[in-house]
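Worksheet: the structure to be examined is printed underneath.
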Amino acid sequence: MTIQRTLRRSVSCSGIGLHSGQKVTLRLKPAPVDHGIRFRRLDMDGIEVPAAAARVSRLNYATGLAQDAASVGTVEHLLAALVGLGVDNVSVELNQAEVPIMDGSAASFVYLVHEAGIKELSKPRRFLKVVRPISLSRGDKRIAVFPSDHFKVTYSISFDHPLLRHQSRTQRLTEGSFIEEIAPARTFGFLKEVEQLRQKGLALGGSLDNAIVLGETGVLNNGLRFDDEFVRHKILDVVGDLALVGHPIIGHVVAHRGGHALHASFAQQILEDSEAWRLVEYPAEPVGDGLSDSVGVGGAVLPAR
Ligand SMILES: [Zn+2]
């Protein structure tokens with residue numbers, strides 16, 4: 001049985017919001033079964049904002065959620081770390097409206113979860129197993145998910161820039177591969193867009209410490225962590241944005257030139273297309289490395305909600 005997990009103890013970190021430029025303290029706290037991932041704005045009487053597709057609000061270069069008057073911005077890298085490490089239930093306390101950007105990747109959040117430790121709870125985890133393809137296109141941007149026995153992402157990007165005309169990567173997501181191959185990949189932006197973003201009140205906290213910045217011909221930072229760090233970061237983003245479906249996905253996500261708006265709409269579309277998936281429990285770790293394909297068939301199929 002794959003059991004729901006939470007953290008063993010509370011942990012916190014401080015950083016700045018990429019877009020707000022404000023200092024923020026974030027605390028991850030253990031939460032009970034079926035709680036899911038919920039943000040709490042301590043500066044707003046503890047209003048809770050669930051990490052759910054129905055709560056998506058702003059999508060300006062990051063994914064934002066809102067509940068009543070409370071909003072929480074730039075949630076995607078933290079959500080990716082929680083999904084990537086199999087943390088189902090956690091309360092995320094913030095004293096500001098934006099999750100800190102840290103170094104622009106999910107590595108700090110992986111470190112934080114490891115500091116807290118993982119605790120297994122008493123109830124099975126339910127996966128969203130895709131049984132029929134679901135797809136969404138907007139112009140030249142597309143995203144789809146196909147039945148598969150694993151959680152896998154194929155991402156391709158193309159930009160009018162010599163360093164990233166085309167990058168494509170297929171990554172099977174396990175806890176180990178997420179930590180090693182995806183979590184360290186940093187967000188990126190173009191120098192020529194920085195001024196424009198700042199005029200809109202965005203990227204106020206952005207710097208070479210928390211983003212790869214692309215000039216006309218190369219990166220302004222001291223090198224890359226991976227040759228294809230850009231597309232790896234897009235995989236990180238889509239894993240985080242699709243956390244908004246509320247269950248770990250078993251399926252093959254294929255995306256081309258997507259962004260947060262497309263990912264978040266797709267999370268909503270997946271939930272609406274309830275004929276295309278089943279909620280399942282598994283007798284063994286289905287996202288682990290040693291899984292035989294037959295385990296996927298042996299999962300207990302639960303009725304769709
Ligand atoms: Zn990102």
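First listed ligand is number 1; within each ligand, the first listed atom is number 1. In this text, all values refer to a predicted model and were calculated from it rather than measured experimentally.
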Within 6.0 angstrom of Y111 OH, more than 12 heavy atoms from elsewhere: no
Pair K123 + D34: basic N to acidic O under 4.0 Å: yes
Where the Zn ion (ligand 1) is the vertex, angle from H77 NE2 to H233 NE2 to 10°: 100°
H260 backbone or side-chain N/O/S under 2.8 Å from the Zn ion (ligand 1): no
Name of whichever N/O/S atom of D237 is nearest to the Zn ion (ligand 1): OD1
Rounded distance [0.5 Å steps], CD1 in I16 versus CE in M102: 10.0 Å
Interatomic spacing from CG in D149 to CD1 in I250 - rounded to 0.5 Å: 8.0 Å
Backbone or side-chain N/O/S of E76 under 2.8 Å of the Zn ion (ligand 1): no
